[in-house]
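This structure is a prediction, so every number in the text was calculated from the model and none was measured.
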Amino acid sequence: MPFIFYDHLVYKSDIVDFIDSLEEPDNQKGKAKQLVDDIIHQGIIEFILDRLHPSKHQTFLSQVEDRPYDPEIISYLKQHISPEIEAEISSHVEKLLEDVKKDLLISTKK
């Protein structure tokens, strides 16, 4: 997945290593990694939209769609949500990844 404005806030090496250690075909591992990326992306976007005033949703979503790599998106969020938005996103991502890890552990034990 190409660089996205929040990539510097996401540390998923543990979950990627876990997926790589599974005795599954490489294409299944690739699908699992893509699913993790999708869960993280949707979780971050939902988290931001929940915190962002509805009048700012369209601007934010347009920025993400047109320029997902633009670091100015973080500046926009700092201005319209909180100066601490990066730490808040990091904390939210940690919770998302913990849930994904639990789900993966449960599904691999079946």
Side-chain angles (χ1 to χ4, degrees):
M1 184 181 265
F3 177 76
I4 299 179
F5 72 94
Y6 56 73
D7 278 349
H8 66 288
L9 306 172
V10 177
Y11 304 100
K12 60 184 179 184
S13 59
D14 288 349
I15 201 160
V16 169
D17 290 345
F18 177 77
I19 291 169
D20 284 338
S21 74
L22 297 174
E23 292 185 20
E24 297 291 333
D26 286 343
N27 67 331
Q28 293 299 319
K29 291 178 187 180
K31 288 178 184 179
K33 290 175 192 175
Q34 182 61 51
L35 184 58
V36 169
D37 285 343
D38 293 345
I39 290 167
I40 291 168
H41 182 74
Q42 295 302 319
I44 290 172
I45 298 300
E46 181 180 2
F47 175 77
I48 290 169
L49 291 175
D50 285 347
R51 308 267 335 277
L52 192 61
H53 190 277
S55 68
K56 306 293 183 193
H57 285 188
Q58 187 59 43
T59 301
F60 166 70
L61 292 172
S62 293
Q63 288 176 336
V64 172
E65 184 176 343
D66 296 342
R67 299 178 321 277
Y69 50 82
D70 191 347
E72 288 302 310
I73 295 172
I74 292 290
S75 299
Y76 180 83
L77 298 175
K78 285 180 178 181
Q79 180 182 11
H80 295 285
I81 297 177
S82 164
E84 305 302 320
I85 191 64
E86 289 176 292
E88 295 169 20
I89 291 171
S90 288
S91 178
H92 183 69
V93 168
E94 286 178 25
K95 292 174 190 170
L96 284 173
L97 288 174
E98 284 303 315
D99 289 344
V100 170
K101 286 179 195 175
K102 287 176 191 173
D103 290 346
L104 280 171
L105 287 171
I106 290 169
S107 69
T108 58
K109 291 182 181 181
K110 290 182 178 180

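Proximity of a side-chain donor or acceptor of H57 to a complementary backbone N or O of L49 within less than 3.5 Å is detected.
Sorted by first and then second residue, the pairs that involve residues 24-36 and meet salt bridge (charged side-chain N to carboxylate O under 4.0 Å, His left out), not counting sequence neighbours, are D20-K33.
P68 and E65 get closest at one heavy-atom pair: CD-O, 4.0 Å. Across I44 and L96, no two heavy atoms sit closer than the pair N-CD1, 4.4 Å. In terms of heavy-atom proximity, Y11 sits nearest to L97 at O-CD1, 3.4 Å. For the pair F5 and L77, the tightest heavy-atom approach, listed with the atom from each and the gap, is CE1-CD1, 3.9 Å. D7 and F3 get closest at one heavy-atom pair: OD2-CA, 3.1 Å.
Between I74 and H8, the closest side-chain pair of non-hydrogen atoms falls below 4.5 Å. Put simply, the side chain of K101 does not reach to within 4.5 Å of the side chain of F18, judged on heavy atoms. A heavy-atom distance below 4.5 Å is found between the side chains of F47 and I85.
Rounding to the nearest 0.5 Å gives a distance of 11.0 Å between CG of L22 and CG of D17. Once rounded to the nearest 0.5 Å, the distance linking CG of L61 with CD1 of I45 reads 7.0 Å. Note that the CD atom of Q63 and the CD atom of Q58 stand 10.5 Å from one another [nearest 0.5 Å]. Rounding to the nearest 0.5 Å gives a distance of 10.0 Å between CG of L35 and CG of D103. In this structure, E23 CD and Q28 CD are separated by 14.5 Å, a value rounded to the nearest 0.5 Å. Taken from CG in L52 to OH in Y76, the straight-line distance is 5.5 Å, to the nearest 0.5 Å.
Between the side chains of E86 and S90, no donor N or O sits under 3.5 Å from an acceptor N or O.
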- Should L9 and V93 be marked as a side chain to side chain contact (heavy atoms under 4.5 Å, CB included) after you check the CA-CA gap, both sets of side-chain angles, and the distance that decides it? CA-CA 8 Å; L9 306 172; V93 168; 5.8 Å; no

- Worked check of side chain to side chain contact (heavy atoms under 4.5 Å, CB included) between V10 and I89: CA-CA 9 Å; V10 177; I89 291 171; 5.8 Å; no

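Below 30°, between 30° and 60°, or above 60°: for H41 and Y6 the angle between ring planes is between 30° and 60°, a tilted geometry.
Every side-chain hydrogen bond (donor to acceptor under 3.5 Å, both in side chains) that S82 has, sequence neighbours left out, goes to E88.
Using a 4.0 Å cut-off between a side-chain N of Lys or Arg and a carboxylate O of Asp or Glu, K95 and E98 do not qualify as a salt bridge.
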